[in-house]
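Note that ligands are numbered from 1 as they come in the structure, with each ligand's atoms numbered from 1 the same way.
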Amino acid sequence: MSIHSIQWSFSDGTAIPIGTMYCIGRNYAAHAREMGAEVADDPIVFLKPPAAYRNNGSVIELPRWTNDVHHEVELVVVIGADCVDVHENDAWNYVAGIGVGLDLTARDVQTAARKNGHPWAVAKAWRGSAPVSAIVPANECGRGPWDLRCDVNGTQRQYSSTDKMERSVEQLISYLSGVFTLQRGDCIFTGTPEGVGVIVVGDYVRASLSTLTTLEVNIV
Ligand code: MG
């Protein structure tokens, strides 16, 4: 197996080392409902390590300890400069670019963790759980909204718009930078819309962000 890249791949050739991956839970009301949950008062935040990343075109090996890995298509925002306590109005000054990613989730393990009040790290942060497309530089992507789509074996599973996010990109950067120090190369997985579902060995998954960028992975 080849060594995977640990740098963001920008469509204009920029390369930035991948840092902490901040992930937001339940940021679309319709997905919260399909999980039998509500949108929380404060953002639900969990982390993935850089080694969870895979680039476009990767082959992703499902873990042996789960039989229920779900696709969650998400807008991914890459941070371009270190920041603390950013005001919403300044948030886009700290964005290097955007892409589309899959927050691959071992749902069976997550459900057990939720029931027991345990952390989600194993369910969410396993190696290969964070494939992301090439990143579109911030000066080429506009400010949205963008369409999010996920197809499995050519059949549409998820289709929504980032205008359905409960908390905007600006609000998430402001919130996260108030708690953590966001650093150049960190990213934010901004949550998934409804339509999540299982993927199995042999599946081909294609995710897209409007017509800006796509992510294609094969599951083994
Ligand atoms: Mg997610």
Side-chain angles (χ1 to χ4, degrees), residues 18 20-54 58 60 62-63 66 68-79 98-114 118-133 135 144-152 156-169 171-173 175-176 180 186-199 203 205-209 213 215 217 219:
I18 296 174
T20 301
M21 307 174 108
Y22 295 91
C23 306
I24 306 300
R26 298 182 207 158
N27 202 25
Y28 290 76
H31 171 63
R33 281 195 297 274
E34 76 180 349
M35 297 300 295
E38 302 289 327
V39 173
D41 290 339
D42 289 317
I44 294 172
V45 181
F46 57 93
L47 308 180
K48 297 186 192 236
Y53 171 79
R54 295 291 183 275
S58 288
I60 294 175
L62 294 183
T66 171
D68 195 26
V69 172
H70 280 201
H71 55 83
E72 295 190 357
V73 66
E74 308 196 5
L75 167 69
V76 175
V77 177
V78 176
I79 298 298
I98 64 169
V100 64
L102 292 167
D103 167 20
L104 296 179
T105 302
R107 193 71 75 201
D108 47 358
V109 176
Q110 185 198 27
T111 299
R114 285 175 64 188
H118 293 164
W120 295 2
V122 171
K124 287 285 198 178
W126 44 276
R127 60 176 172 266
S129 64
V132 182
S133 69
I135 302 301
W146 301 279
D147 292 333
L148 277 174
R149 176 170 172 163
C150 178
D151 292 57
V152 179
Q156 183 179 299
R157 295 275 191 91
Q158 293 183 269
Y159 184 70
S160 190
S161 170
T162 58
D163 67 6
K164 303 261 187 356
M165 287 166 60
E166 293 291 321
R167 294 179 181 84
S168 66
V169 170
Q171 289 171 318
L172 291 174
I173 289 173
Y175 176 80
L176 291 171
F180 308 96
D186 290 350
C187 77
I188 307 170
F189 274 72
T190 58
T192 195
E194 71 277 18
V196 301
V198 71
I199 52 175
D203 281 348
V205 185
R206 183 181 190 276
S208 60
L209 184 68
T213 188
L215 168 70
V217 295
I219 308 300

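Not counting sequence neighbours, Trp146 has no partner by the ring-ring contact (aromatic ring centres under 6.0 Å, His included) test. With sequence neighbours excluded, the residues that form a side chain to side chain contact (heavy atoms under 4.5 Å, CB included) with Ser161 are Pro145, Asp147, Asp163.
Distances from the Mg ion (ligand 1) under 2.8 Å pick out these protein N/O/S atoms: Glu72 OE1, Glu74 OE2, Asp103 OD2.
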- Item | Worked check of side-chain contact (heavy atoms from CB on, under 4.5 Å) between Val100 and Val73 | CA-CA 7 Å; Val100 64; Val73 66; 3.6 Å; yes
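Sorted by first then second residue, the salt bridge (Lys or Arg N to Asp or Glu O under 4.0 Å) pairs that include residues 34-53, not counting sequence neighbours, are Lys48-Asp103.
In this structure, the side chain of Glu72 does not engage the main chain of Thr192 through any donor-acceptor pair within 3.5 Å. No donor-acceptor pair under 3.5 Å is formed between the side chain of Arg107 and the backbone N or O of Thr66.
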